[in-house]
Amino acid sequence: MCITKLTTAYVFLLLVGVAILVVISIALNAATLGVINKRFDEIKNENGQTTSKTTVSAGPITTSTTRPPISFNLVDSIRIEDLMNHLNELQRIANNTGNTRAIGTRGFTETVNYIYNYLANNASGLKVFREPLSVQNFTIKGNPILISSINDMNKTYTYSTNLARSDFTYVNYSASIDLTKFNLIIVPNYGCDKLDWQNVAGRAALVVVGGTCTNAEKSELANIYNASALLYYNHGLTTTSLAPVIVRLRQANKLPALFLSYAIGQELVNAANLSNVSIWLDVQRENYSSFTIENVCADTIDGNINETIIVGGHSDSVPAGPGINDNGSGTAAILVLATNLARLYQSGNYTKYRYRVRFCWWAAEEIGLVGAIHHVQQAQSPFASSDCRLQDYLINLNYDMLGSPNYMLGIYNGSSAKPDTPSQAINGSIRITEVFRNWFNGKNLPWDYTDFSGRSDYGPFLAAGVVAGGLFSGADETKTSEQRTRYEEKLGQGQGGLVGAILDPCYHRACDTTDNINQLGYEKMVQAAAYMLEFLGQKDDLMTWLYPNGRPKPRLPDEYFPNSDYFRNIDI
Ligand SMILES: [Zn+2]
């Protein structure tokens with residue numbers, strides 16, 4: 001079901017709840033930010049500059065008003081003050097709920113309620129709805145068992161919740177298995193290539209973490225090539241990558257899996273090179289319970305629902321921090337776009353688009369694009385409601401991380417879609433890239449191409465054959481000197497950022513706060529997003545422009561596998 005109605009009583013309770021939270025959090029807010037500021041100042045580059053100096057203030061931030069100035073186009077309605085007001089609210093929520101807005105926490109629930117209530121109260125003319133979905137919990141039951149048998153000598157490995165003292169640990173979304181013996185096979189290289197998995201059928205496959213693929217992608221290959229069990233081990237390249245690490249596979253994983261320390265992994269690799277090695281495994285998980293989370297969407301009432309433009313971004317953070325850049329920045333951007341478009345529509349001075357615009361805030365991106373995948377799967381069901389059909393979606397614009405402190409003005413490169421992307425979606429995606437590029441050039445702004453491999457919520461739309469595009473200001477990529485020079489030339493002295501520093505030093509960390517936003521770059525990115533929406537909205541024949549060679553009915557393949565950064569544990 002695409003549309004869920006909220007009762008008035010529920011709205012009232014939420015409003016009361018939010019009001020109480022606002023009062024409680026005022027005191028906490030100042031203290032917490034002070035600590036984080038101090039911490040941020042400690043991130044220094046070789047010249048002794050701090051990364052926080054790359055954050056350029058766009059003047060004093062007012063908190064009194066969110067109404068845009070009178071303007072008759074969407075780009076001119078974008079003001080950094082409105083964006084920062086939303087980010088301050090998201091920060092306030094996180095401050096009050098354990099410094100995270102991850103799914104399964106109160107911080108996430110309050111984020112969703114904030115989005116819903118803000119739209120309901122400030123964007124009259126939009127139809128707002130929630131889309132519930134359930135997420136499975138994973139809890140290990142008892143202690144998993146790992147025993148090796150090398151030349152008939154058995155060795156039992158140590159399990160401890162203290163990872164530094166443990167030989168191995170469990171893997172989230174491992175399947176259960178009663179004590180069973182398997183022959184061990186070593187997966188060559190990093191296990192990122194199909195060829196690496198040719199001989200794993202019926203065996204326990206041991207693979208080192210790292211390489212160009214994620215742990216979840218390795219488990220996908222292990223599943224495809226019929227391994228019976230999967231053992232990861234740490235790569236040992238640094239002193240912090242010796243112990244086992246708790247990682248997460250996708251919910252649909254069917255294999256029992258464990259994660260071994262570097263030492264145990266290496267011991268088994270060495271033994272397997274000389275003789276046959278077997279391992280015994282036992283993993284038990286609690287009965288699967290689940291909890292409900294929600295996507296939120298808001299539709300323009302005007303516009304042809306059979307030709308819908310989707311503008312989306314994720315609403316959840318990782319457990320490690322408040323996620324103000326990732327993805328408070330996208331969340332706030334879409335809130336401002338939605339609200340300002342609704343106001344322009346109501347002003348009477350703005351030509352309404354021929355197309356419906358659906359703004360969406362996806363849940364659970366950080367555990368593998370779960371909210372967006374759910375939406376796509378629902379929308380392609382033969383039972384999808386008539387106002388929620390995948391075939392009506394012309395394009396998905398995605399905004400995930402727009403305010404990185406050492407930013408780039410990154411454009412998804414439509415030319416670099418994965419080879420298995422449906423060809424119908426390529427032409428339009430390249431055109432979207434060009435429109436962004438032309439806008440940045442026209443404004444004499446620098447820009448960079450960025451990854452378009454499906455690593456955020458546009459992934460399932462693109463894989464289904466829906467044109468996609470978006471912007472990205474950078475995560476753990478490093479700024480090059482060429483980039484800095486180019487940005488300095490366009491933006492002025494001192495605005496090029498820090499060479500050799502990553503674009504968001506607080507990516508997936510506790511310090512991803514409102515101090516982790518470059519307001520200059522952020523505002524430009526949201527203006528570009530506004531331009532794109534208006535450009536598409538004012539096109540006469542968007543369908544033909546996006547799909548010049550026609551458009552088969554989009555469909556997400558059954559074997560679709562999310563490509564998500566979450567699975568690439570940044571500590572290993
Ligand atoms: Zn993100």
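Since the structure is predicted, the reported quantities are computational estimates derived from the model, not experimental observations. In what follows, residues are counted from 1 in the order of the sequence shown. Each ligand, and each atom within it, is numbered from 1 in the order the structure gives.
At a cut-off of 2.8 Å, E365 is not counted among the residues with an N, O or S atom near the Zn ion (ligand 1).
A 4.5 Å side-chain heavy-atom check between V526 and L402 finds at least one atom pair inside the cut-off.
The residues R455 and D400 are annotated as not salt-bridged, no charged nitrogen and carboxylate oxygen being separated by less than 4.0 angstrom.
With the Zn ion (ligand 1) as the vertex, OD2 (D400) and NE2 (H314) define an angle of 90°, rounded to 10°.
The name of the N, O or S atom in D326 nearest to the Zn ion (ligand 1) is OD1.
Tested against Y114 for a side chain to side chain donor-acceptor pair (under 3.5 Å), the candidates H86, R92, E89 yield a single pass: H86.
In this structure, K254 fails the cation-pi test against Y173, since its NZ or CZ atom is not both closer than 6.0 Å to the six-membered ring centre and inside 45 degrees of the ring normal.
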